[in-house]
Every structure is written in structure tokens, then in C-alpha cells.
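Below you'll find the structure, written out as C-alpha cells, and then a few comments.
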Amino acid sequence: MAKRIGVYPGTFDPITLGHMDIIERGAKLVDELIIGVTTNIAKSPMFDDDERIAMVEREVAVAGCGNCRVVGFNSLLVDFAKEQGATTIVRGIRGVTDFEYEYQLTGMNRQLNHDIETVFLMADVALQPIASRLVKEIAIYGGEIGKFVTPKVRADVMARVAERGPRSG
């Protein structure tokens, strides 16, 4: 039987507890889960590619996800998945808005490569509101982000905010 390889793509800027939930649950569905760290051209990242890859590698190691591997990529998702030998793309869904976007993306990916299936995992109810964009915004405006990220990621984010200078009111 062939090894079941899945890809969980994202910008992970920064990686949140919601991401970690999907990684841990997605890793149970495949023999190997490749966490693909990419840059979304529509977003302005707080951390560069190497920093985000290192952050995800650290968090995955701490979580003990032995069948996970972190790989940076900058290509079409289906091309990356094919290069990795993956037959499954794992995506997290927080709500209806995510579903509508992911539904469209899945349809496009299916047109590009019909051999790769997409699996949706609903976010844990307690983690549904968490979004990297909101975590960064809260941190930039001096709010507490400890409920949304691990302590080490919190420290990374707060250090970056301190470098750039926080905003108030």
C-alpha cells in the first residue's frame, strides 16, 4: 500500500493554536503530513519565510508530531503537493466565510489536478475565532495574545512588535 501523504498549506504568520489543532488532527489522517509554509502575495507578513518555517518547525517538534515535516514553497499548491507526492490537501475551516473561499479554491485546484483531494477539518469550537491577522493586530495595539498562540510564539510576536514599535489608540 502506498504511503498516504497530505499537505497542510498556509502562511502561518504567526502559527496559532488553531493551526496547531489542524496539524495535530490532520497528522492522524495520513502517514506523513507536510506543512507547507508559503507567502501569500496578498498579505504583508510580520515574519519572513525563514522565520516562519523555523517557527512552525519548532512548534511541530514541541507538539511531538513525528509524522510531520515542514517545507517552504512558493508555487501553485497543487504543483507543490504533486512534487511532495501528496494525494491530499488538508484545510481548516473556521466558519461559513472560510468554507465559501475554500470551496472555490478546491474547485480550481481540482481543475488543475484531479488526482489531489481536499479534506476539510472544522476548527475546534474554542479555536474558531483565531486568525493570524487578528493576532497580529491585537499585538500591534498592545493587546494580550496568549490565549491564541503558544508562549514561544507570543514571545516571537511581541519581540517583533517591540522592534517595529507598538501602536496605541
Side-chain angles (χ1 to χ4, degrees), residues 5-30 32-65 67-110 112-113 116-124 126-139 145 147-150 152-154 156-157 160:
I5 300 172
V7 168
Y8 176 45
T11 53
F12 306 105
D13 185 48
I15 188 166
T16 68
L17 295 177
H19 292 130
M20 289 305 301
D21 175 58
I22 299 299
I23 289 169
E24 290 170 10
R25 291 170 43 217
K28 295 176 185 175
L29 302 176
V30 293
E32 180 180 22
L33 182 64
I34 298 165
I35 298 120
V37 179
T38 189
T39 299
N40 183 333
I41 57 174
K43 298 179 181 178
S44 298
M46 177 177 270
F47 299 96
D48 69 28
D49 292 353
D50 292 336
E51 290 171 323
R52 287 181 289 111
I53 290 168
M55 189 183 301
V56 174
E57 286 175 333
R58 180 190 69 213
E59 296 303 314
V60 167
V62 168
C65 294
N67 67 330
C68 294
R69 186 164 48 96
V70 180
V71 178
F73 77 102
N74 209 354
S75 64
L76 286 173
L77 174 56
V78 291
D79 292 343
F80 174 70
K82 184 177 179 180
E83 288 169 11
Q84 300 300 315
T87 56
T88 305
I89 295 170
V90 175
R91 299 295 291 174
I93 303 282
R94 291 174 296 195
V96 176
T97 305
D98 279 356
F99 179 77
E100 289 175 1
Y101 172 76
E102 294 295 342
Y103 180 81
Q104 182 179 21
L105 189 62
T106 297
M108 295 295 285
N109 285 339
R110 189 97 174 124
L112 294 171
N113 187 329
I116 299 175
E117 293 292 340
T118 300
V119 175
F120 298 123
L121 294 177
M122 292 302 300
D124 181 282
L127 303 173
Q128 283 179 0
I130 301 173
S132 293
R133 175 182 53 82
L134 297 176
V135 168
K136 290 185 289 191
E137 188 173 321
I138 291 166
I145 61 171
K147 294 180 180 179
F148 313 119
V149 296
T150 66
K152 288 185 178 186
V153 171
R154 180 190 176 281
D156 293 339
V157 172
R160 184 55 44 94

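Counting from 1, the numbers follow the sequence of the chain as shown.
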- Query: Closest approach of Pro45 and Asp13, non-hydrogen atoms and distance?
  - Reply: CA-OD2, 3.0 Å
- Message: Ignoring hydrogens, what is the shortest heavy-atom contact between Val78 and Ile89? Give both atom names and the distance.
- Response: CG1-CD1, 4.4 Å
- Among residues two or more places apart or on two chains, list those pairs meeting ring pair (Phe, Tyr, Trp, His ring centres under 6.0 Å) that have a residue in residues 73-93. Phe73-Phe80
- Item | Contacts of Glu137 that satisfy salt bridge (Lys or Arg N to Asp or Glu O under 4.0 Å) - sequence neighbours left out | none
- With sequence neighbours excluded, residues passing ring pair (Phe, Tyr, Trp, His ring centres under 6.0 Å) with Tyr8: Phe12
- Message: Please enumerate all residues that pass side chain to side chain donor-acceptor pair (under 3.5 Å) together with Arg133, with sequence neighbours excluded.
- Response: none
- So how far is it from Cys65 SG to Met20 CE, rounded to the nearest 0.5 Å? 5.0 Å
- Are any non-hydrogen side-chain atoms of Val60 and Ile35 less than 4.5 angstrom apart? yes
- Nearest heavy-atom approach of Leu33 to Ala27 is CD2-N, 3.7 Å
- Mind checking the CD1-CD1 spacing from Ile93 to Ile22? Nearest 0.5 Å is all I need. 8.5 Å
- Item | salt bridge (Lys or Arg N to Asp or Glu O under 4.0 Å) contacts touching residues 77-90 (sequence neighbours left out) | none
- Message: My understanding is that only residues two or more places apart in sequence, or in another chain, count here; which of them pass side chain to side chain contact (heavy atoms under 4.5 Å, CB included) with Asn74?
- Response: Thr38
- Message: Testing the basics here: between Met55 and Pro14, what is the closest heavy-atom pair and its distance to 0.1 Å?
- Response: SD-CB, 3.9 Å
- Do Ser132 and Met46 come within less than 4.5 Å of each other through their side chains, counting heavy atoms only? no
- Message: Can you confirm whether Leu76 sits close enough to Asn113 that some side-chain heavy atom of one is under 4.5 Å from a side-chain heavy atom of the other?
- Response: no
- Task: Just jot down the salt bridge (Lys or Arg N to Asp or Glu O under 4.0 Å) partners of Glu57, sequence neighbours excluded, or say none.
- Result: none
- Heavy-atom closest pair (Thr106 atom, Thr118 atom, distance to 0.1 Å) is OG1-CG2, 3.6 Å
- Message: Just verifying a value: how many Å separate Thr16 OG1 and Ile145 CD1, rounded to the nearest 0.5 Å?
- Response: 10.5 Å
- Note on the structure: Residue set satisfying side chain to side chain donor-acceptor pair (under 3.5 Å) with Gln128, at least two apart, ordered chain then number -> none
- Query: Roughly how far, to the nearest 0.5 Å, is CD1 of Ile130 from CD1 of Ile138?
  - Reply: 9.5 Å
- Taking side chain to side chain donor-acceptor pair (under 3.5 Å) as the test, write out the residues that go with Thr150, two or more places apart. Glu59
- Message: Consider side chain to side chain contact (heavy atoms under 4.5 Å, CB included). Of Asn67, Thr87, Ile34, which one does Ile5 pass it with?
- Response: Ile34
- Task: Supply the atom-to-atom distance Arg160 CZ to Lys136 NZ, rounded to the nearest 0.5 angstrom.
- Result: 11.0 Å
- Nearest heavy-atom neighbours spanning Val135 and Phe148: CG2-CB, 3.7 Å
- Please list, chain by chain and in numerical order, all residues satisfying side chain to side chain donor-acceptor pair (under 3.5 Å) with Asn109, sequence neighbours excluded. none
- What pairs with Tyr103 under ring pair (Phe, Tyr, Trp, His ring centres under 6.0 Å), at least two apart in sequence or on another chain? Phe99
- Side chains of Val157 and Val149 in contact at under 4.5 Å (non-hydrogen atoms): no
- Calculate, to the nearest 0.5 Å, the distance between atoms CE and CZ belonging to Met122 and Arg94 respectively. 10.5 Å
- Query: With sequence neighbours excluded, what pairs up with Asp49 under the salt bridge (Lys or Arg N to Asp or Glu O under 4.0 Å) test?
  - Reply: Arg52
- Message: Walk me through whether Val7 and Ile116 qualify under side-chain contact (heavy atoms from CB on, under 4.5 Å).
- Response: CA-CA 10 Å; Val7 168; Ile116 299 175; over 6 Å; no
